[in-house]
Amino acid sequence: MDELTLPQIKKILAKMAEDGVFIVYYTGGEPFVRKDFMEILKYTLMLGLKIGISTNGLLLNDDVVRELAKLDVIKVQVSLDGASKETHEFIRGPNTFERTISNIKKLVENNMNTGITFVCHKGNAHELGDVIRLALRLQVKGIKISPLMPWGRAREVLSEYVFPSFMDRVRLITTVNSIAKELGVNLRNELYIDVGEPEGHENPYGCPLVMGLTILPNGDVIPCEIFAERLNDEVLLGNLINQDISDIWNSPKAKIFRDHASISNKTCYLCPYLSKCGSYCIAETYLKYGRLIPPLNYFKECRHAWSNS
């Protein structure tokens with residue numbers, strides 16, 4: 001894509017700070033591919049904004065980690081796709097497992113608030129418990145467990161590894177809870193979302209787009225990154241090169257997505273299984289059905305799966 005230049009990014013960040021944005025979460029692709037990424041981080045902090053980073057960890061080294069440790073980064077989330085070399089490298093490629101583990105250790109040793117992201121699929125689900133145990137041994141602050149979804153490159157090369165049914169999702173969630181109970185850890189199930197709501201927020205199970213937006217590399221704004229799979233006028237909310245984030249946030253178009261993402265507006269708000277499943281993802285729903293609300297049969301199948309679990 002036609003990525004924003006460093007001056008454009010700085011101008012956008014400054015305006016975002018003026019408009020009341022309080023955190024910027026840098027993800028990718030891989031953010032450390034940009035040679036000026038550290039400068040972007042420092043400028044973000046200079047503006048008084050908080051920072052989170054999602055990375056595959058492969059471009060970290062002693063110098064980068066030491067530089068990061070000097071910054072007030074609230075979280076560095078590192079992708080780990082297995083507890084063994086073979087399983088992890090099935091997704092990430094050869095000679096990546098040891099480097100990833102080594103760099104996670106470096107982050108922890110430098111007192112960085114470090115987390116692991118584990119994308120669970122049919123090829124690595126058997127290592128779910130081992131990944132959680134590895135996370136504990138590495139002394140990371142948390143682990144985000146997400147089911148593989150059929151979008152991005154996964155749609156092209158990993159579609160056979162996706163969990164297709166409600167019962168598969170139910171088994172994944174109950175397995176996570178069972179392992180957490182066995183290990184005596186308070187492992188919050190983070191399927192679909194990286195929980196980041198302030199304490200006491202009225203929407204504890206909803207997705208992050210109720211309080212945030214996603215900026216694409218060219219400055220386009222969409223509700224969340226998943227909607228990038230079907231870019232069209234319906235999901236494109238604006239562009240920060242020529243618009244302010246406050247105008248986009250307050251637009252009727254953006255409000256439609258926030259309203260649909262809010263748990264209190266969803267059909268499953270009063271479902272007895274809400275605290276376990278966390279409700280549906282409106283982006284996944286949009287990709288699958290071309291709408292933000294699933295068909296009635298979706299709710300029937302979901303409730304049936306949970307009631308028989």
Side-chain angles (χ1 to χ4, degrees), residues 9 13 16-17 20-34 37-81 88 92 99-120 131-146 176 180 185-201 203-215 224-226 278:
I9 289 175
L13 286 170
M16 285 166 57
V21 171
F22 61 89
I23 183 170
V24 181
Y25 199 95
Y26 289 102
T27 179
E30 172 51 50
F32 284 95
V33 166
R34 281 193 71 125
F37 185 50
M38 202 63 70
E39 184 176 352
I40 292 171
L41 294 180
K42 291 176 181 178
Y43 188 77
T44 306
L45 290 171
M46 188 192 75
L47 293 169
L49 300 169
K50 295 184 182 298
I51 287 174
I53 302 171
S54 179
T55 173
N56 61 29
L58 296 177
L59 296 180
L60 301 178
N61 54 42
D62 290 338
D63 291 338
V64 172
V65 172
R66 277 195 294 266
E67 193 75 11
L68 276 177
K70 298 175 185 176
L71 306 179
D72 185 19
V73 179
I74 64 169
K75 178 164 60 173
V76 180
Q77 200 80 12
V78 182
S79 298
L80 185 67
D81 291 307
H88 175 81
R92 297 293 166 177
R99 287 164 59 197
T100 301
I101 296 297
S102 174
N103 287 332
I104 290 173
K105 289 179 179 178
K106 288 175 184 176
L107 290 167
V108 173
E109 289 166 0
N110 281 271
N111 298 314
M112 300 291 295
N113 188 351
T114 308
I116 285 173
T117 298
F118 177 66
V119 178
C120 194
V131 167
I132 295 173
R133 292 179 181 90
L134 177 58
L136 291 173
R137 290 198 301 273
L138 292 171
Q139 298 182 312
V140 298
K141 298 295 185 182
I143 178 168
K144 174 186 174 185
I145 302 165
S146 303
V176 168
V185 296
N186 182 21
L187 182 66
R188 179 167 180 180
N189 190 358
E190 292 187 333
L191 296 182
Y192 301 121
I193 62 170
D194 182 14
V195 178
E197 295 90 350
E199 186 176 350
H201 192 270
N203 191 42
Y205 303 111
C207 69
L209 72 81
V210 299
M211 58 184 300
L213 296 167
T214 290
I215 305 169
C224 85
E225 61 189 35
I226 299 170

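We count residues from 1, following the sequence as given. What you see below is based on every heavy atom in this structure, not just the backbone, and it leaves out hydrogens, waters and symmetry mates. Fair warning: this is a prediction, and the values are worked out from it, not measured in the lab.
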Minimal non-hydrogen separation, [X] against [Y], with atom names:
X	Y	answer
H88	D81	ND1-N, 3.0 Å
S79	R92	CB-NH2, 3.3 Å
L58	R99	O-NH2, 3.2 Å

With sequence neighbours excluded, residues passing side-chain hydrogen bond (donor to acceptor under 3.5 Å, both in side chains) with K42: E67
All side-chain hydrogen bond (donor to acceptor under 3.5 Å, both in side chains) counterparts of T214, not counting sequence neighbours: none
Would you please name every residue forming a salt bridge (Lys or Arg N to Asp or Glu O under 4.0 Å) with [X], sequence neighbours left out?
X	value
E39	K10
K50	none
R133	D130, E182
R34	E3, D36

Value rounded to 0.5 Å, distance of CD1 in I101 from CG in L134: 4.5 Å
Nearest-0.5 Å distance, CG of residue D62 to CG of residue N103: 8.0 Å
Expected list for residues 108-116: side-chain donor-acceptor pairs under 3.5 angstrom, two or more places apart:
unit_1: N110; atom_1: ND2; unit_2: K106; atom_2: O; d: 2.8
unit_1: N113; atom_1: ND2; unit_2: I74; atom_2: O; d: 2.8
unit_1: T114; atom_1: OG1; unit_2: M112; atom_2: O; d: 3.0

Side chain to side chain, V33 and L59, heavy atoms closer than 4.5 Å: yes
I132 and I145, any side-chain heavy atoms less than 4.5 Å apart: yes
The single option from V24, V78, L41 passing side chain to side chain contact (heavy atoms under 4.5 Å, CB included) against I53: L41
Contacts of type side-chain contact (heavy atoms from CB on, under 4.5 Å), residue L45, not counting sequence neighbours: I51, L71, D72
Sequence-distant partners of F37, ring pair (Phe, Tyr, Trp, His ring centres under 6.0 Å), two or more places apart: Y26, F32
